[in-house]
Amino acid sequence: MTTAPSPVREPAWSLPRSAIGLWLTESLITAAVTVAVVVALLVWIPDDLGGPMPFLRWAVPIAAALDVLVTVAVRPWFKHRVYRWEVTADAVHTRTGWLSQTWTLVPVSRIQTVDVTRGLLQQVFGLATVAVFTASSQGTVRIWHLEHGMAQRVADDLAARAERVRDQAT
Amino acid sequence: MTEQATGPVPARRTSPRIVLVHTATFRQARQLVPYALPALAAVGLGGGRWTVVGLVVAITLVSLATAVLSWWRFSYLDGPGAVVVTRGLLSRSVRTVPTDRVRGVEVEAPPLHRLVGLVRLRIDAAAGGSAGAGKDDELLIDGVSPAEGDRLRTAVLSSRGRVVPEDAAAPVPEEVEEEFARFDNRWLLYAPLVGGYLAVPLAAVGALSRVVDEVPDGVLPDVDGPAIDSPGGVVGVVAVALVLLAAGAVIGAAIVNWRFRLVRRGGSLVAVRGLLTRRHTELEIDRIRGVAVADGAGMRLVGAARVTGLVTGLGDAQRRGQLLPLGPRAEAEELAGRLVDDPGPLTRHPTAARRRRIVRATAAGLLVTAVGAVLTATAGWWPLLVTGVVLTALGVPLGRGRYASLGHATGPRSFAVRVGWLVRERAVLERRAVVGWQVKQSWFQRRAGLASVVACVGAGRGGYIALDMAADEVAAFTVAASEPWAEQLVPLTPGEVETNRSRTQA
């Protein structure tokens, strides 16, 4: 997928395909906003303003069109290939992002709380996010867009295991 | 220890002398100001000297009354397992904080408290978890004698989860003190080169100018500013301003750090400092996960550094964690080494990281140059182009400087990472401190074979980054710098990948 080998091991499991639908919906919403802004620009700002306006009148729509194309036609599928997760015997491991990627690994022994959240769009697609918190404000790992039942099971399992092996050292 | 008698222990009260302090500072009466203002506006100020005098007397009486009331309604009790504080003028509030939740006790003696011979205790009782520790996590016991303050501090800290070893340690009632650092007044001369202390005189100037603005015009003497037409005059004014700024920084540093002393007493580190307000901060050594040695560009010029302890669950960590506010580099390094094992010299990051630092440092300058070039070509306005070129040129040494700061090291029990140029900081952390790893790689980093690694820790800033390290060293670094669970980050060897691939293809 990527030319260079990744710096760390990839998590094993991918997200359900309905996550693509959710990302696509998100992309369509942002694309609609972009298009609305560009149309407003073309309609409301007069042509004869001088300065850089004539240049912007064709440059901005082209840039917006490219942006919309990438956001709608590429990004949802690309993200589905990047987002991965894995819960092993003693750690939670995820990969997120698309152009910039982030791997996060948190050991079960350092988990403090586990949350399951369902956003509006997530509810439409039957998905949920598992958020795993540690003592560090930066050491939060989120497993995005799991099927709701699966998310609940993962959260319960992690919370129960964290209770058993909790390490007071933080 | 002898006070653990049977039967109920009566609640303790603060000293009545605190009423004087609170009356003078309008501590409780301040809350009434929002109600008093509309009332005053309604009654109207008829003017005249007697109105003013009456007003002053009335306000003082109100302040006295509220201070007495809140003293009367305040009591505290340090039981074997918890500290209970009862207070509230009308609605009673009882707060019980289990002593094993107490993360530190700070004894403060502000100037007025010192006049009447009292101190103030802040008991830091963060509720734990990732929620930010706010003011609510603090118990304030205001107005006890220094002896009682010491007793309470020791009682709270020693009854905390250390019941079993207490018997073993009982034969040694006097804990041995070991001095870790003592402030040398000559170190105050470093202050003008430290950003934080330079801000002190600037803030004072700002406050003063606001006061001058408030004063009616007629009151101020009509002073003409000195004539600064000549270049010599300008230089003189700038020189005087710089001297004043430096003096202000030194004075500010002196007020905060006067007679700073750091000692180890039993299992705690005790820091005492301050000229006007004496502060007495106690940190538990068991909770220290690492230290941060900061030496900004100015401090490096004179070989100075600052040491902060990275302590788990410490509220207001920036202030309370200070272990050496300002001092020579050697002293700072020695102190850091006493608290956390030194993992050895830092490993440099690959040259691709230098390219990346320079590119990032010059990017803004290049953008300005490009815009400037367009403006020069279209409108003939060249100053922006010159600015852009200068900025770009300055970006090169800045990028090189930032690259020179980058580094990481791993030792048997600890590891270190360093970033920054203007504000350079080397964090040395114990391996057990790491509660998670975050590996970040942008598209550009991937092409350059680099990656950034954040060690997530439940202390200090929450995360410490090793910026732009070689991508193929990341996994080994995480394994060497934390506990065995990090081995899950080690990529599969090419052989394993091959077998996996052939298996899926088959």
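Lettering of chains follows the sequences in order, A, B, ..., and the numbering in each one begins at 1.
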Does atom CH2 of A:W13 have more than 12 heavy-atom neighbours from other groups under 6.0 Å away? yes

Top contributor to chain B contacts, counting heavy-atom pairs under 4.5 Å, from A:T104, A:V106, A:I111: A:T104

Heavy atoms only, distances under 4.5 angstrom: which of B:Q445, B:Q438, B:Q488 has the most pairs with chain A? Name it, please. B:Q488

Which of B:D472, B:V474, B:V490 touches chain A most, by non-hydrogen pairs under 4.5 Å: B:V490

Could you tell me which residues satisfy side-chain contact (heavy atoms from CB on, under 4.5 Å) with A:S27, sequence neighbours excluded, listed by chain and number? A:T71, A:V72, A:R75, A:P76

What is the minimum heavy-atom distance between B:L489 and A:H93, and which atoms define it? CD2-NE2, 3.6 Å

If you count every heavy atom of other residues, nucleotides or ligands that lies below 6.0 Å from A:R161 atom CZ, does the total exceed 12? yes

Side chain / backbone / both / neither for B:A475 at chain A, heavy atoms under 4.5 Å: both

Identify the heavy atoms of B:R446 and A:L99 that sit nearest to each other, and give their distance. NH2-O, 3.4 Å

In a check of side-chain contact (heavy atoms from CB on, under 4.5 Å) between B:V439 and each of A:L105, A:T102, A:V8, which one passes? A:V8

Tell me the closest heavy-atom pair linking B:W443 and A:S100, and the distance in Å. N-OG, 4.4 Å

Can you name the salt bridge (Lys or Arg N to Asp or Glu O under 4.0 Å) partners of B:R418, sequence neighbours left out? none

Can you see which heavy atom on B:R461 is nearest to which on A:Q138, and at what distance? O-NE2, 3.8 Å

Among B:A459, B:G436, B:G462, which residue has the highest count of heavy-atom pairs closer than 4.5 Å to chain A? B:G462

Below 4.0 angstrom, N of the basic side chain to O of the carboxylate: do B:E487 and A:R9 qualify? no

Residues of residues 408-415 of chain B near chain A, each having a heavy atom less than 4.5 Å away: none

Nearest heavy-atom approach of A:S136 to B:C456 is OG-CB, 3.5 Å

If you take all heavy atoms of B:A471 and A:P7, which pair is closest and at what distance? O-CB, 3.4 Å

Hey, could you give me each pair passing ring-ring contact (aromatic ring centres under 6.0 Å, His included) that has a residue in residues 100-120 of chain A? Not counting sequence neighbours. none

